[in-house]
Amino acid sequence: MKNILMIATGGTIASKEGDLGLTPAVTGEELAASVPGIKDICHLEVLQLMNIDSTNMRPRQWLMIRDAIMENYNNYDGFVVLHGTDTMAYTAAALSYLIQDSVKPIVLTGSQKPMANPYTDAKINLFQSILYAADDLSCNVCIVFNGKVVAGTRGRKQRTRSFDAFDSMNFPELAIIRDSRIIRYYTEERPAPQNLKSYASLNDRVFVLKLTPEVKAEIFDLLSGHYDAIILETFGIGGIPEYDDSFEKAIFSWVDSGKTIAVTTQVPEEGCDLGVYQVGKKFSNHKGILKSDDMTTESIVAKLMWILGQTDKQDEIARLFYREINHDRV
Ligand SMILES: NC(=O)C[C@H](N)C(=O)O
C-alpha cells in the first residue's frame, strides 16, 4: 500500500463560520477523518503546516510547502496539499517550478464549501486527490478538483461559487475522475527518479500590469524602484497602444536597463502573438522582451519569481523562460 503525506495549509475546506466570516479552524487530521474510504487506498499521514486563507499565501509559504515536500520526499510515494482555492493556481504553478520532474505526484486540492457544510464538495475532492496521488501512473504537480485533473501550470480559478471552480487553460485536462475511476486523457511521460530537481529561492519582485484604455506609461517609472520584472497583459492577441511613443519608450528603456518584461494577453484563452498586428510587432523581436505565448498569468508570475531567484543574466532568464516545464507552454 502506498504512503501518502497530506500537507494541510487551510482554505475553505478547513474553514468554520466565525463572527467575522469563514476562516480556517479545522485541522488536517480532522479533515482526513471526515472522509470515508481513505484507509482502503493508502496509508495516510498528515502534516499541519499552517492554517490560513489562501489570500494570505505568499512566496514565503510556497517555499515552506516546497521544504515540507522535499524533507519528506524519500519517505512517501505521493503528496496531497490542502489549500484554499483563491490562490491555488499560483501555488500549483510555483511548486511546478520549485520541484521539477517529480515521479512522485504532488496534488493540490481544496473545496468551495467547508467540510462541515452538508452540501460540501470537500469530501469528494479530498478522496479523489488521495486516489490520484496513490495511483501508479500519476506524477508531477497537478490540481485535482471537481473530478478534473489539471497540470499545475495550467490551472485558473474561473468560478467563485460553483464546485467547478478550476479550468485547465489552453491545455487539455490530464484526466477526469469519476467516483473511484481515473480516466486519463493525457499520458504523462514519467520522469526518471534521478532527474528530480528542486530549488529553494524565489525573487518576489514581479508585478502584473494590465493595460486599460488611457493607462499611463509613466507607471513603469513608478514601478522601477520596487520591481525587477513586469508581466504586461496586453489587449487581444498582443496590442500595446501606439497613439504616442510613451509605451515604446517605457518598455524599451525597462528592458534595455536589464530589467525583465514578459508580454502576455488579458484574454483568458488562446494566448498572445505580438507579431500579428502593427500595434504589437515592434515589440516582438526586441532583445529581452519575453513572449509568453499561451502561458497563464499565474504561471508567468511563478516562473519569473523562480527564474529571477536563480539568475539576473538576461540570456539565462530567456533560456529558462522558454523552456517548457510541467506543460506550462507548448
Ligand atoms: N474556496 C476557498 O478555499 C476560498 C478561500 N478564501 C481560500 O482561498 O482560502
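Read the numbers this way: they start at 1 and go in the same order the structure lists the ligands and their atoms.
For the atom pair CG (Leu308) and OG (Ser201), the distance works out to 10.5 Å, reported to the nearest 0.5 Å.
Near ligand 1, residues Gly11, Thr12, Asp53, Ser54, Gly84, Thr85, Asp86, Ser111, Gln112 each place a heavy atom inside the 4.0 Å sphere around the ligand atoms.
At least one donor-acceptor pair closer than 3.5 Å links the side chain of Gln100 to the backbone N or O of Tyr97.
Remark: Tyr90 pairs with no residue by the ring pair (Phe, Tyr, Trp, His ring centres under 6.0 Å) rule, at least two apart or across chains.
Checking each of Asp293, Asn170, Thr153 against Arg329 for a side chain to side chain donor-acceptor pair (under 3.5 Å) leaves exactly one that passes, namely Asp293.
A cation-pi contact, defined as under 6.0 Å to the ring centre and within 45° of the axis, links Lys104 to Tyr73.
Atom NZ of Lys249 is surrounded by 12 or fewer heavy atoms from other residues, nucleotides or ligands within 6.0 Å.
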